[in-house]
> 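Quick one: the structure is below, and I'll ask about it shortly.
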Amino acid sequence: MSSDEKPDGRPAAPRSLAEALRARDDASLAALLRARPDLVTPVPTDLTQLATRAGTRASVVRALERLDRFALQTAEALAVAGDPASYDELLGLMAGDDGDAAVAAALPHAVGTLREQALVWGGDDPLRLVRTARELLSPSPQHPSPTGLGPTVQEATAGMSPGRIQELVAAAGLPSTHDAVSAAAALTALFTDRERMAKLLGQAPPEAREVLSRLVWGPPYGQVTADPAAHLRWLLDRGLLLPTAPGTVVLPREVALHLRGGRAHRETEPVPPPVEPAGPTGTRQGSPQVVDATAAGQAYTALATVEELLKDWDEGGPAVLRAGGLSVRDLKRTAVALDVSEPVAAFWVELAYAAGLLASDGEADERYAATPAHDEWRERPAADRWAELAGAWLAATRTAGLVGGRDAKDRTLAALGPGLDRSVAPEVRRRVLALLAALPAGTSPDPDSVLARLRWERPLRGPQQEDDLRSRLARWTLQEAELLGVTGRGALSSHGRALLGAPEPQAAGGTPGIPDTPGDKLPVHHRAAPAGAPAAGPVPPGPADPQARAAARAAAARLLAPLLPEPLDHVLLQADLTAVAPGPLQRPLADVLDVLADVESKGGATVYRFTPASVRRALDAGRSASDLHAFLAAHSRTPVPQPLAYLIDDVARRHGHLRVGAASAYVRCDDDAVLNEILADKRSAALRLRRLAPTVLAAQADPAALLEGLRALGYAPAAESAEGDVVITRADARRTPPRTPPEPVPEGPPVPDATLLTAAVRAIRAGDLASTAPRKTPGTPPAPGELPRTSPAETLATVQAAVLTGEALWIGYVNADGAASQRVIAPVRVEGGFVTAYDHTADEVRTYPLHRITGVAELADD
């Protein structure tokens with residue numbers, strides 16, 4: 001019989017977590033490293049180090065925070081069970097004395113999840129919760145257990161005098177014992193015996209039973225006076241309440257479990273709450289075609305809004321605050337310019353920033369402006385531009401919903417400023433959209449059911465908070481997805497589904513949102529997981545491969561493109577000096593109209609209005625009257641109205657009749673009567689004009705102020721250069737130097753890819769082989785984890801002998817970076833201060849400098 005087997009032939013239970021990990025196959029180790037990526041950085045040298053790292057407080061806390069509610073309840077039940085606990089004991093704590101079919105069906109999967117993540121080890125009998133997790137979840141006065149249970153009788157009576165314990169035993173009707181330990185054991189046996197305990201409580205006064213009912217579900221602690229009432233004295237005399245400090249008593253765990261019917265939790269939640277359709281009868285449900293059309297309309301509006309934002313900041317946007325970010329005043333101005341609320345304006349600003357379309361220019365007087373990437377983005381097809389925006393939103397950790405709130409130092413959080421990164425945001429966005437993708441096509445979810453599902457998948461430890469970060473992120477995701485056009489009427493669109501990389505909706509028959517997972521495949525667990533159990537581990541943050549992300553964006557763009565309106569090459573000119581664009585315009589036409597006319601209203605159709613100032617703006621940009629007439633005639637489906645033609649000709653006739661140049665500034669005009677008219681106008685006094693010649697006036701104002709002053713008087717002056725040529729003024733598009741979009745802030749170490757997992761498992765196995773291989777060492781063997789130590793002469797002699805005999809050796813090796821490791825090698829040759837050997841740990845032939853080998857030892861014959 002092997003030492004690894006029981007007398008009945010079954011495998012013996014592992015004696016430590018390291019032994020349990022050693023019994024796993026490579027796929028199971030890879031699953032552990034994938035579920036807990038903090039364990040793989042840096043790669044552990046062997047399985048003993050992996051087990052040690054998996055039991056550290058920081059790593060266990062991170063793993064517990066990523067459990068779903070039922071798996072966490074299972075861990076909490078194990079923390080109040082015996083150590084070790086049998087599977088049947090755990091099932092009793094979860095399902096109670098009366099049993100629960102749903103709990104019994106879901107418990108194997110929960111235990112499998114805990115075991116897969118190395119929070120539980122051992123077989124079904126016994127089950128062992130890792131020590132750190134037990135310390136975190138066990139009841140204590142400083143950290144009450146989520147179960148509401150208190151300490152055991154053994155723990156509560158640890159500091160009690162032997163005489164007092166014997167008094168409790170006698171009052172409970174038990175025979176006296178020889179010591180305090182056996183007395184506490186007798187009380188424990190009484191409190192865990194359902195029949196004897198029911199008989200004892202049947203003798204309790206009604207007031208005493210009322211006290212127990214108030215403590216049974218926690219908190220288990222209460223206050224008593226120095227002279228307690230009779231019903232409290234009755235409980236104290238029988239150990240049903242035990243003193244923990246002067247004036248404080250506690251309900252022992254065994255008593256509480258009896259009163260609860262054996263249940264560790266008031267309510268167990270083995271099945272995740274379903275995501276319900278919106279409305280009592282699904283009133284928000286619509287056809288997928290309507291949803292896609294609505295989402296496409298929102299997507300077009302999103303593109304137009306971002307373009308308008310960047311156009312508004314094209315000549316240099318708001319200044320950057322000293323602490324970084326956008327001022328409240330500038331955010332309000334942006335909201336007014338976009339005709340949206342301030343929180344929505346913050347969302348569009350942050351979205352453009354996340355997509356790399358705007359940034360700070362880095363100048364001394366730092367301002368926000370569009371980046372060179374914006375010019376490339378504008379030239380791409382509309383569907384591709386939307387896919388880039390939506391992809392940036394999906395991966396961004398910056399959270400616009402926090403703008404206007406307060407940070408930990410009570411400072412206001414500003415748009416584009418620091419402190420807006422929340423590393424969990426991409427995961428929550430993807431999870432919310434995945435829940436929407438699991439609903440039938442065209443169905444919008446009830447937001448409260450989405451929040452309930454997320455709280456089940458990632459429950460809060462400690463008191464539940466309705467306004468926790470994940471819930472707020474989920475609500476913001478639903479709102480932002482609608483603004484961006486990922487959803488339409490609250491339902492996920494087909495292009496939103498493609499962006500997420502989700503499959504097409506399944507036919508009816510399964511539980512929405514609960515992926516089918518196979519049973520637990522770990523060899524030490526023999527109970528199959530229930531069908532339809534939720535997958536364990538963290539929600540994947542989306543495709544890690546950039547090519548996969550690009551493919552998802554391309555697929556979304558292909559689906560969206562047919563739904564977007566085609567750009568038009570014409571407008572409808574009207575006699576009231578307006579032009580109506582019945583849809584989106586082609587970019588050259590839109591750019592010219594933006595200069596020639598002012599936007600009066602937006603919506604399904606955009607209305608432009610022509611004014612003397614707008615026509616003058618076009619003339620200042622270098623257009624002539626004939627150019628404007630030809631442009632309007634070429635792009636209007638209606639004849640050019642006579643009032644508009646007269647307006648253009650009238651402004652053009654007066655445009656440039658006056659010339660303003662730099663002296664401080666001067667005005668010249670061939671018609672001296674016009675200059676006399678200007679001098680006689682009292683409104684020109686502020687310009688402080690004086691005549692230099694019959695056709696020239698000098699001013700003490702600068703040329704720009706002089707231009708504005710004369711235009712305010714109703715004239716149409718033109719600026720001229722020092723050479724006397726007319727200065728053509730075009731909008732000066734300001735651009736920042738090339739900027740990269742902000743990198744998302746990851747939540748802990750990234751999930752390792754398949755290549756890294758394979759290499760890590762191989763390295764851990766190799767290191768474990770080297771550290772556990774039986775060996776023969778002269779003198780005192782090294783302690784576990786220490787490298788062998790031999791003199792250089794002994795090392796050289798042993799290696800040379802191994803070359804002749806072909807035996808394998810165990811060596812300690814320190815590489816050039818100072819990292820120490822243990823290896824098992826089969827030397828092939830020794831020459832020039834190097835040994836060439838087949839390295840069993842790396843499964844390849846390597847060459848090692850002899851001076852870096854700390855020592856050698858022969859492997860044992862077995």
> For a 4.5 angstrom cut-off between non-hydrogen side-chain atoms, does Pro108 reach Val111?
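In short, these two side chains do not touch, never coming nearer than 4.5 Å.
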
> Supply the atom-to-atom distance Leu33 CG to Gln117 CD, rounded to the nearest 0.5 angstrom.
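The CG atom of Leu33 sits 11.5 Å away from the CD atom of Gln117.
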
> How long is the gap from CG on Asp446 to CZ on Arg453, to the nearest 0.5 Å?
14.0 Å

> Can you find a heavy atom in the side chain of Val271 that is under 4.5 Å from one in the side chain of Trp456?
no

> Quick check: do Arg472 and Leu469 have side-chain heavy atoms less than 4.5 Å from each other?
yes

> For Asp25, does its backbone N or O pair with a side-chain atom of Ser28 as donor and acceptor, under 3.5 Å?
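Not confirmed, Ser28 side chain does not pair with Asp25 backbone.
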
> For Trp234 and Leu240, run side chain to side chain contact (heavy atoms under 4.5 Å, CB included): C-alpha distance rounded to whole Å, both residues' side-chain angles, the deciding distance at 0.1 Å, then the answer.
CA-CA 9 Å; Trp234 191 92; Leu240 298 174; 3.6 Å; yes

> Check whether any side-chain N or O of Arg194 sits under 3.5 Å from a backbone N or O of Ala198 as a donor-acceptor pair, and report yes or no.
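Side chain of Arg194 to backbone of Ala198, a donor-acceptor pair under 3.5 Å: no, none is there.
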
> Can any side-chain N or O of Arg253 pair as donor or acceptor with the backbone N or O of Gly150 at less than 3.5 Å?
yes

> Once you round to the nearest 0.5 Å, how far does NE2 of His231 lie from CG of Leu236?
10.0 Å

> Determine whether Leu500 and Arg429 make a side-chain contact, defined as any pair of heavy atoms from C-beta on separated by less than 4.5 Å.
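Not in contact.
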
> Quick check: do Leu257 and Leu93 have side-chain heavy atoms less than 4.5 Å from each other?
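Yes, at least one pair of side-chain atoms sits under 4.5 Å.
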
> Give, for atom CG of Asp193 and atom NE2 of His258, the distance between the pair rounded to the nearest 0.5 Å.
9.5 Å

> Kindly indicate, with the supporting measurements, whether the criterion side chain to side chain contact (heavy atoms under 4.5 Å, CB included) is fulfilled by Leu29 and Leu47.
CA-CA 10 Å; Leu29 283 180; Leu47 288 170; 4.0 Å; yes

> Look only at the side chain of Thr147 and the backbone of His265, and say whether a donor-acceptor pair between them is shorter than 3.5 Å.
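No, Thr147 side chain to His265 backbone: no donor-acceptor pair under 3.5 Å.
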
> Between atom CZ of Arg238 and atom CD of Gln203, what is the distance when rounded to the nearest 0.5 Å?
7.0 Å

> Hey, does the side chain of Gln166 reach the backbone of Thr177 with a donor-acceptor pair shorter than 3.5 angstrom?
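Here the side-chain-to-backbone pair exists.
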
> Would you mind checking if Glu167 and Arg164 are paired as a salt bridge, meaning a charged N to carboxylate O distance below 4.0 Å?
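Yes.
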
> Specify the closest pair of heavy atoms between Thr443 and Leu439, including all atoms of both residues, with the distance to one decimal.
O-CD1, 3.9 Å

> Roughly how far, to the nearest 0.5 Å, is CZ of Arg34 from CD of Glu116?
8.5 Å

> For the residue pair Pro126 and Pro84, what are the closest heavy atoms and their distance?
CB-CB, 3.0 Å

> Are Ser59 and Arg36 close enough, and set up right, to give a side chain to side chain donor-acceptor pair (under 3.5 Å), and what steps lead you there?
CA-CA 8 Å; Ser59 181; Arg36 298 175 64 178; 2.7 Å; yes

> Looking at Glu427 and Arg458, is there a salt bridge between them, counting it only when a charged N and a carboxylate O are closer than 4.0 Å?
yes

> Locate the shortest heavy-atom distance separating Leu149 from Pro139; write the atom from each residue and the value.
O-CB, 3.2 Å

> Do Ser471 and Arg455 have side-chain N/O donor and acceptor atoms under 3.5 Å apart?
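A pair is found: one side chain offers a donor N or O, the other an acceptor, under 3.5 Å apart.
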
> Restricting to non-hydrogen atoms, name the atom on Leu436 and the atom on Gly490 that form the minimum distance, rounded to 0.1 Å.
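Answer, listing the atom of Leu436 first, then Gly490: CD2-O, 3.7 Å.
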
> Run the side chain to side chain contact (heavy atoms under 4.5 Å, CB included) check on Leu129 and Trp121 step by step: do they pass?
CA-CA 7 Å; Leu129 189 66; Trp121 56 277; over 6 Å; no

> Has the side chain of Thr157 got a donor or acceptor atom that lies under 3.5 Å from a matching backbone atom of Met160?
no

> Name every donor-acceptor pair, under 3.5 Å, that has one atom in a side chain of residues 210-225 and the other anywhere in the protein, sequence neighbours excluded.
residue, atom, partner, partner atom, Å
Ser213, OG, Glu210, O, 2.6
Thr225, OG1, Asp227, O, 3.1

> Begin with the C-alpha distance, continue with both residues' side-chain angles, and end with the deciding distance and a verdict on side chain to side chain contact (heavy atoms under 4.5 Å, CB included) for Leu32 and Leu39.
CA-CA 9 Å; Leu32 168 62; Leu39 301 181; 4.0 Å; yes

> So, for Val428 and Ala474, which heavy atoms are closest and what is the spacing to 0.1 Å?
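Shortest heavy-atom separation between Val428 and Ala474 comes out as CG1-N, 3.8 Å.
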
> Donor-acceptor check, side chain of Thr52 to backbone of Thr48, threshold 3.5 angstrom: yes or no?
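At least one qualifying donor-acceptor pair exists.
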
> So Leu119 and Leu64, do their side chains get closer than 4.5 Å, heavy atoms only?
yes

> Applying the salt bridge (charged side-chain N to carboxylate O under 4.0 Å, His left out) criterion to Glu457, which one of Arg66, Arg69, Arg431 satisfies it?
Arg431

> Between Arg233 and Asp237, is there a salt bridge with N-O shorter than 4.0 Å?
yes

> Over all heavy atoms of both residues, which pair between Gly419 and Leu413 is shortest? Give the atoms and the distance, please.
O-CD2, 3.9 Å

> Within the structure provided, determine whether Thr132 and Arg57 are in side-chain contact (heavy-atom separation under 4.5 Å).
yes

> Donor-acceptor pair, Arg134 side chain versus Leu78 backbone, under 3.5 Å?
yes

> Without swapping roles, check the side chain of Thr41 against the backbone of Asp38 for a donor-acceptor pair under 3.5 Å.
no

> Whether the side chain of Arg209 engages the backbone of Ala204 through a donor-acceptor N/O pair (distance < 3.5 Å, no angle test) should be reported.
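Looks like yes, one N/O pair under 3.5 Å.
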
> Exactly one of Val120, Thr74, Asp83 should register a side-chain contact (heavy atoms from CB on, under 4.5 Å) with Leu127. Which one does?
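It is Val120, the one option of Val120, Thr74, Asp83 that forms the side-chain contact (heavy atoms from CB on, under 4.5 Å) with Leu127.
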
> A side-chain contact here means heavy atoms from C-beta on lying under 4.5 Å apart; do Leu200 and Arg196 qualify?
no

